[in-house]
Amino acid sequence: MAYEIYIGDRMYSSWSLRGWLMLEKFSLPHTVHMVGLYSGTMAQEMAHLAPARLVPALRTPEGLVVGESLAIAETLAERHPDAGLWPADPAQRATARWLAAEMVGGFSALRGECPMQLAHIYEGFEVSHGVKADLERIEALFAHARKVSGQSSGYLFGDYSLADVFYTPVAARIAGYGLPVSAETRAYCKLLLSDPAVLHWQTLAHEVSYDPEPYAMDLPKRPWSLD
């Protein structure tokens with residue numbers, strides 16, 4: 001029996017990417033259902049999942065519907081304790097949960113001014129004070145995570161975990177808008193975005209196009225690159 005994950009457009013839906021990675025990266029069997037974020041059909045297509053109304057939404061093999069990314073993450077971790085979704089070490093696990101929770105509730109400037117898009121890299125994006133503050137906070141959290149885990153590079157807690165899942169769309173925003181971060185953070189972003197699962201997601205994202213493009217900015221752009 002497989003989970004069912006309901007997601008929105010791959011090119012732009014950061015929360016959908018998180019929900020899918022929770023299943024894909026930890027080898028949990030699943031089927032994917034696409035919901036039309038920009039076609040006006042989202043409410044109709046999710047009516048049978050009520051009261052869930054946003055993507056991602058999960059349906060367990062038993063038919064239970066779970067909404068909200070953090071609830072999905074904790075549900076999967078509870079149901080699959082040997083899959084390694086959270087770090088095994090208690091201090092690292094608590095820190096990873098902290099980072100994920102702050103991602104869910106924070107960084108409003110970054111999320112509002114730099115919508116995730118995997119199509120190209122904008123050049124000349126002007127970083128606001130709010131975005132700069134969010135980036136500084138994110139880097140402070142990364143530094144704290146590495147202090148707790150003892151990992152100076154690679155994934156935040158050594159092995160890939162839900163903390164890395166939750167910050168993959170952040171990495172996409174940093175790359176997609178050329179945002180100013182340290183060399184260490186840029187290397188971590190490259191690691192997350194070069195993951196085969198993320199690259200496959202990005203390939204599938206290009207199968208759909210929109211006119212006009214959602215969240216388009218009047219800025220020069222160049223092809224997507226991790227260099």
Name every donor-acceptor pair, under 3.5 Å, that has one atom in a side chain of residues 93-109 and the other anywhere in the protein, sequence neighbours excluded.
from	atom 1	to	atom 2	distance (Å)
R93	NH1	P87	O	3.2
R93	NH1	A88	O	2.7
T95	OG1	A91	O	2.8
R97	NE	E74	OE2	2.9
R97	NH2	E74	OE1	3.2
W98	NE1	E102	OE1	3.1
E102	OE1	R137	NH2	3.1
E102	OE2	R137	NE	2.7
E102	OE2	R137	NH2	3.3

Show the nearest heavy-atom pair for residues L193 and A175, with the distance to one decimal. CD1-CB, 3.7 Å
salt_bridge(D195, K25) N-O dist < 4.0 Å: yes
Could you check whether the rings of Y160 and F26 sit parallel, tilted or perpendicular, using 30° and 60° as the cut-offs? tilted
Checking K221 now: which residues fulfil side-chain contact (heavy atoms from CB on, under 4.5 Å) with it, not counting sequence neighbours? H120, Y122, E213
Write down the atom of H30, the atom of L23, and the distance for their closest heavy-atom approach. ND1-CB, 3.6 Å
Quick one: pull up CG in L226 and CG in L199 and give me the separation to the nearest 0.5 Å. 7.0 Å
Heavy-atom pair of closest approach, residues V165 and M22: CG1-CG, 4.0 Å
Which heavy-atom pair separates A172 from W224 by the least distance, and what is that distance? O-CH2, 3.7 Å
Should the pair W201 and W20 be assigned to parallel (<30°), tilted (30 to 60°) or perpendicular (>60°) ring geometry? tilted
Any chance the side chains of D9 and Y210 put a donor and an acceptor closer than 3.5 Å? yes
Determine whether S14 and R18 make a side-chain contact, defined as any pair of heavy atoms from C-beta on separated by less than 4.5 Å. yes
Could you list all the side chain to side chain donor-acceptor pair (under 3.5 Å) pairs where at least one residue sits in residues 59-73, not counting sequence neighbours? E4-R59, Y6-R59, T60-E62, E62-R79
Close aromatic pair by centroid cut-off 6.0 Å: Y188 and Y167: no
